[in-house]
Each structure stands twice: as structure tokens, then as C-alpha cells.
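Treat the numbers as computed from the prediction; the structure is a model and nothing was measured. For reference, positions follow the sequence shown, starting with 1.
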Amino acid sequence: MKNLHSAYGQEPPRLGVGLLQCLIFGLFCLFAVRLWYLQIHLGQVFTEKSRNNQLRTEYIFAPRGFLRDRNGELLAVNEPAFVLGLVREDCDDIPATLSKVSEWTGIPADRLKDIYTRNKPKVKPFEALTLAPDLDFDQIAMIEGGSLRWPGVEILSRTRRKYIYGHLLSHVLGYVAEANEAEMQADPTLSLGDFVGKQGLENRLDDRLRGTKGRRLIEVDVSGRRLSEELQREPKAGEEVFLSIDLGLQQLGHKVLEGKAGSVVVMDPDSGEIHALVSEPTYDSNTFTTGLSSAQWAELRDNPMHPLQNRATQGVYPPGSVFKLLMAADALHEKAIDTSETVQCTGELALGNHVFRCWKRGGHGSVNFQRALVESCDVYFYKLGMKLGVDRISAYAKLAGLGVPTGIDLPHEKAGLIPSREWKQKRFGVRWTKGEDLNLAIGQGYTGTTPLQIARLVAALINGGKVLKPQLMRGIAPEVQSTMPLAPEHAAMIKRAMVATVEDPHGTCRRVLTPGVVVGAKTGTAQVVRLTDELKRMGDNVPYKYRDHAWMAGFGEKDGRRFVVVAMVEHGLHGASGAGPAVKAMLDALFLGKKELPPRDVAGAERPAEPAARVVVDAVEPQFPDVPHEPETVR
């Protein structure tokens with residue numbers, strides 16, 4: 001019987017062998033195609049990645065350009081600084097490394113984790129992410145000693161901006177800080193850790209000051225250690241800029257305003273160059289380059305004296321009697337007055353149910369054009385305001401550069417306000433009244449100007465009507481922005497009246513009389529609130545916030561040199577005593593070489609300046625721009 005279990009005569013199934021062979025062949029083809037795809041099709045990509053793992057590009061920070069004053073004195077320089085960075089691709093354990101960095105630097109671990117998480121998307125592969133921006137030498141020694149055990153940790157050398165006179169020029173120079181995300185998106189040349197100008201000239205001249213980064217190629221091993229490097233492009237330093245500012249004058253301006261809130265501007269009326277631009281109180285620009293704490297930022301931001309604001313360009317104040325200079329020029333241009341004609345000032349002027357009073361109780365008696373300017377007679381200018389009206393005054397003021405930005409190379413400049421019929425109707429929904437013509441004529445009511453605008457106005461009055469752009473860089477060609485309609489003979493009349501205001505025994509600017517120098521000036525005392533009977537009885541003892549602002553705007557000439565000097569002191573009470581010392585100190589420094597402070601006031605040493613005129617519309621309070629956003633340097 002045949003054995004049913006015998007394999008004799010049986011053949012293996014052909015279909016199974018064929019399937020197995022096809023499977024093996026298919027797998028071989030799949031591996032071959034994949035090998036071709038990786039080696040041939042993507043070969044260049046992986047070659048580039050391999051090269052990147054071995055060769056890295058590192059950018060070299062360019063030194064920022066120096067800033068100097070007009071005489072070559074250094075104002076802003078660079079100093080070496082060291083930061084701690086982390087190359088995440090070389091780091092084996094990010095959380096442990098962040099914890100160690102916290103131990104080295106004293107920065108809370110949660111803060112470091114937040115920095116790492118927030119900035120990780122902004123950093124390219126194999127670039128260092130900055131964790132600690134400012135290391136001292138003890139920290140550097142500690143980190144260097146343990147860096148081999150913590151791969152990915154690097155100490156990077158950079159430059160840090162240093163402002164030699166941090167407080168003196170903070171509102172002019174501004175400051176630099178790390179670029180934020182919006183700035184990096186707007187400028188592809190910026191990367192994380194780059195510093196850019198945030199305020200002042202640092203902001204406006206950033207492209208010129210920043211320079212161009214260098215680049216080097218670095219060869220590293222598998223652990224990220226540097227084997228060799230090749231310089232591909234030298235860094236190019238930023239441009240060195242000479243300012244028009246005179247450091248000595250700037251320092252003097254801050255000294256005469258010490259403890260006060262106000263501004264001093266010194267301007268060349270023929271070139272537009274600014275020799276001093278002082279704003280008090282101030283702050284130290286260096287605090288922003290090293291990083292502010294939240295408490296420090298809150299202290300600056302919430303300070304009621306607004307130290308962050310540049311009062312020369314951002315403080316808007318009623319000009320008071322300084323505005324009478326513009327009224328005089330407008331009246332002469334419009335032929336609205338006869339300069340020899342006199343007006344009887346009894347100390348007040350009635351209009352309807354309102355009585356507009358002159359600053360001098362009892363009046364000035366009979367005054368002509370020059371006498372009205374010399375003694376600052378309000379009644380004379382009330383009547384002049386009634387003749388000219390708001391339409392002509394407003395139009396002429398705009399031609400003189402008031403109510404519009406000056407165009408100075410500083411950010412956030414205020415335009416001020418010259419009211420008009422259309423403005424009031426749009427702003428309040430009511431028509432302009434005749435009484436408001438009188439307020440406008442003496443620089444009160446809705447009128448608001450910056451100290452820099454007043455300096456430019458006085459410059460135009462003595463240079464033939466050229467309204468110049470204020471220049472903060474030395475040697476820039478004068479830029480005429482507009483021209484005041486001002487005949488030479490009319491300019492001469494106003495100039496003579498300003499000189500008489502200083503030299504005449506009854507002039508309101510006697511305190512700035514300077515031997516050997518032709519000096520002309522005009523005071524202004526501007527109300528900030530309506531005077532109640534109670535406030536009137538207080539006299540000069542009125543609470544600080546209710547006190548009048550003090551103005552003095554003038555010029556000096558000697559040996560072919562001439563300068564405009566304007567001082568404004570918030571709540572300084574009277575123009576002559578409040579702002580006069582600052583103008584006098586500047587004139588002495590400019591023409592007599594004196595840099596010491598003038599002596600303090602002696603009671604009864606001279607006649608008091610005029611108090612502010614009584615008005616029927618509340619004066620404009622000082623205006624400041626919105627507090628800027630919290631800077632990126634806050635830690």
C-alpha cells in the first residue's frame with residue numbers, strides 16, 4: 001500500500017515561489033528608489049545640511065557711530081559688554097541648562113524659560129539665543145569654568161552704548177534698546193539681540209549710526225567646539241555725527257533749571273542750528289541700554305513731573321505776552337495800526353458784559369506801538385485783537401510757524417494749537433466770540449505753543465521773516481520752510497522795541513541787560529487756570545499747580561554773532577523773575593564767556609514783572625504726548 005505521507009513525487013507550489021520572488025524584487029526596487037531619492041535627488045540638500053553641521057555663519061556686531069557736540073566733545077560712545085547665549089542645537093538638556101544659567105546669573109528660572117520660549121522662533125538654527133544681556137566679570141569667570149560640562153552655552157562679546165552725560169542730553173540723544181519683533185520684521189538686516197535707536201537722535205539717525213555687521217565662517221566638531229574660523233566680511237562702524245549742540249551751554253541750561261520744570265532753547269537765527277535744547281526734569285539714558293526693572297519703569301512713567309517728555313518740543317503752553325511779538329508783526333503787515341498813534345490804557349477794557357483787565361492795575365496811560373511792547377500793555381493789544389480778528393491772526397501765525405511742527409529731527413514733536421473759527425466749531429460745536437479775539441491777542445485762551453516754536457518765531461523776526469527748520473546737526477545748510485510777510489522796516493521796528501524792553505527803565509526785561517551786547521527780549525506770563533478771588537488774594541503764595549507759567553524770549557548780538565534764547569519755566573509765576581535768569585545766564589555764556597550761575601534773586605532788587613492778564617477763557621494746560629509703551633528693556 002502506498003504511503004500517503006511520503007513526499008516522493010511532490011513539487012513545491014509554483015505560485016508561492018513566484019510571489020516570494022516578486023516580493024523580494026519589489027523590496028529591492030523600493031530600497032533602490034529610496035536610495036536614489038536620498039542620495040541623488042536630495043543629495044545636495046543633505047550635503048548642505050552636513051556642511052551646516054560642520055560650518056556655521058556668525059555675524060559680527062558693528063560698533064555704533066559716535067555722537068559728538070559741535071566742538072568735538074564725545075557724547076555717546078561704545079563700551080565692551082558680554083552676554084550669555086544658548087545654541088539650542090548643541091544643548092542636550094534645555095531645562096537643566098536654564099536652571100544652571102539661573103544659578104550663574106541670579107535671573108529667576110521662570111524668567112529664563114519665558115525668554116527662551118518667547119525668542120526661540122526668532123533665532124535661526126545654530127544661532128545663539130541671548131539669555132542674560134549683561135554679565136559682570138565674576139559671572140563670566142564662573143560660566144567659563146563650567147561651560148565644558150554644559151554644551152551649547154556661549155559667552156558673546158558685543159558693544160553697549162554709553163552716554164557720557166546721561167542726564168544732560170537724554171531728550172536730544174534719546175537711547176538705544178534691543179529691537180522688538182515689529183522692528184525685526186520691518187528690517188530684514190536686524191536679528192535678535194540687535195540694538196536700535198528708540199528715542200531722540202538715536203532713533204532718527206539709526207540707519208546712519210548702526211553700521212553694517214561683519215560675517216565669519218566657523219568650523220565646529222560634533223560637540224560644537226570651534227576648530228577654525230574664516231573672516232568673510234569686516235564689520236563697518238556706523239557714521240560719526242557732529243551735533244550742533246554746545247555741551248557747555250547744555251550743561252548750563254540744566255543747572256539754571258535745576259529743581260524746576262521747564263525748557264531752554266538757544267538757536268542761531270541765520271542757520272537754524274540749535275546750540276542748546278534743555279528740558280527739565282530729565283532722566284539718564286544709560287538706564288535704558290542696560291535694562292530697566294519694572295519698578296524703575298513705573299517710577300519714570302508715573303512721575304507727575306513727566307521726566308520722559310521733552311518740554312522743548314512736546315510741552316504745549318499758552319505763550320502769554322510773548323505772542324504780542326507776532327501780533328505786532330501781523331498788525332504792521334496788515335497796516336492795521338499807525339505806530340505813532342496812542343491808545344489810552346486805564347487798566348481795563350469793557351466788552352459787552354465782560355471786563356478785560358490789564359496786568360498793571362491803574363493802567364499804563366497813553367501808549368504807542370513801541371511803548372505797548374516795552375511795557376507789555378494788554379489793553380493796547382486787546383484793541384489790536386479786535387481790529388485784526390481771529391481769521392487774520394490765525395492765518396499769519398501759521399505763516400510764522402506756529403500751530404505746525406517745526407520738523408526738528410526728534411520723534412513725537414507736538415504741533416501746538418492756533419485756534420480758528422473752524423477749529424472751535426468743529427471742536428466744541430459753538431461759534432467763535434469777539435471776546436476770544438482779545439484772549440488770542442495776548443497769547444491766552446486756546447492758544448498753545450512749544451518753546452522751540454517760539455524760538456523759531458523770534459529767529460524769523462530778526463532774520464527777515466525766514467521760518468527755518470531747527471537743525472540738530474552741525475554744518476547742515478539752512479532750510480527755509482516758509483516766509484513771514486514782514487517788511488524790513490517793520491522787522492526793524494519790532495527789533496527796536498525788543499531792545500528797548502531791555503534797556504528802557506520801564507521795560508519788563510531789564511534783568512537781561514548785558515554790557516557790550518545788543519539784547520532784545522519779551523516776557524510772557526501765562527495763566528494756567530481761571531483766577532478766583534481766593535487765588536488772587538494768595539498772590540505769589542498760590543499753590544504750585546495754579547501758578548502762572550513764566551516765559552522770556554529774546555536775542556543777543558555782538559561782533560557779527562547773534563543768537564535767540566528762549567526760556568519757559570512751568571509755574572514760574574513771572575516772566576522776568578521766573579525765566580529771566582536762564583536767559584541771562586545763556587547770554588553771558590554766549591557773549592561774555594561766563595559759565596557760572598547768576599546770583600539768586602534779592603527781594604526788591606527790581607520792579608516786578610507783569611502778572612498774567614485776566615482772561616475769560618481758561619488757559620491751555622501743558623500738554624504731553626501719551627506715555628510710550630513699556631520699553632523692551634524692562635526686565
query = Residues two or more places apart in sequence or in another chain: which of them pass side chain to side chain contact (heavy atoms under 4.5 Å, CB included) with Pro281?
reply = Ala261, Met305, Pro307, Arg311

inquiry  = I want to know whether Trp359 and His574 have ring centres closer than 6.0 Å.
reply    = no

remark   = Applying side chain to side chain donor-acceptor pair (under 3.5 Å) to Asp270 and not counting sequence neighbours gives Arg562

inquiry  = Going by the rule side chain to side chain contact (heavy atoms under 4.5 Å, CB included), which residues pair with Ala487 if we only count those two or more places apart in sequence or in a different chain?
reply    = Glu489, His490

note = Hits for side chain to side chain contact (heavy atoms under 4.5 Å, CB included) against Thr514, two or more places apart or cross-chain, chain-then-number order -> Val517, Val519, Lys584, Leu587, Asp588, Leu592

query = Please, which pairs that meet salt bridge (Lys or Arg N to Asp or Glu O under 4.0 Å) have at least one residue in residues 331-348, sequence neighbours excluded?
reply = Glu334-Arg392, Glu348-Arg357

Test side chain to side chain contact (heavy atoms under 4.5 Å, CB included) applied to Leu351 - qualifying residues, sequence neighbours left out = Phe356, Met386, Lys434, Leu438

inquiry  = Quick check against the 3.5 Å criterion: does Glu280 have a side-chain atom that pairs as donor or acceptor with the backbone of Val264?
reply    = no

Residues in salt bridge (charged side-chain N to carboxylate O under 4.0 Å, His left out) contact with Arg421, at least two apart in sequence or another chain = Asp391

key: salt bridge (Lys or Arg N to Asp or Glu O under 4.0 Å) contacts in which one or both residues fall within residues 364-373, not counting sequence neighbours   = Arg371-Glu375, Arg371-Asp504

Without placing hydrogens or testing angles, list every side-chain donor-acceptor pair under 3.5 Å for residues 398-406, not counting sequence neighbours.
residue: Thr406; atom: OG1; partner: Ile408; partner atom: N; Å: 3.3
residue: Thr406; atom: OG1; partner: Glu413; partner atom: OE1; Å: 3.4
residue: Thr406; atom: OG1; partner: Glu413; partner atom: OE2; Å: 2.6

request  = Could I get the full list of ring-ring contact (aromatic ring centres under 6.0 Å, His included) partners for His333, not counting sequence neighbours?
outcome  = Tyr396

No-hydrogen, no-angle side-chain donor-acceptor test under 3.5 Å, Thr433 and Lys424 = no

query = Restricting to pairs with a member in residues 469-487, which pass salt bridge (Lys or Arg N to Asp or Glu O under 4.0 Å), not counting sequence neighbours?
reply = Asp409-Lys469

request  = Among residues two or more places apart or on two chains, list those pairs meeting ring pair (Phe, Tyr, Trp, His ring centres under 6.0 Å) that have a residue in residues 450-474.
outcome  = none

key: Lys/Arg-Asp/Glu bridge criterion (N-O < 4.0 Å) met for Arg70, Glu273   = yes

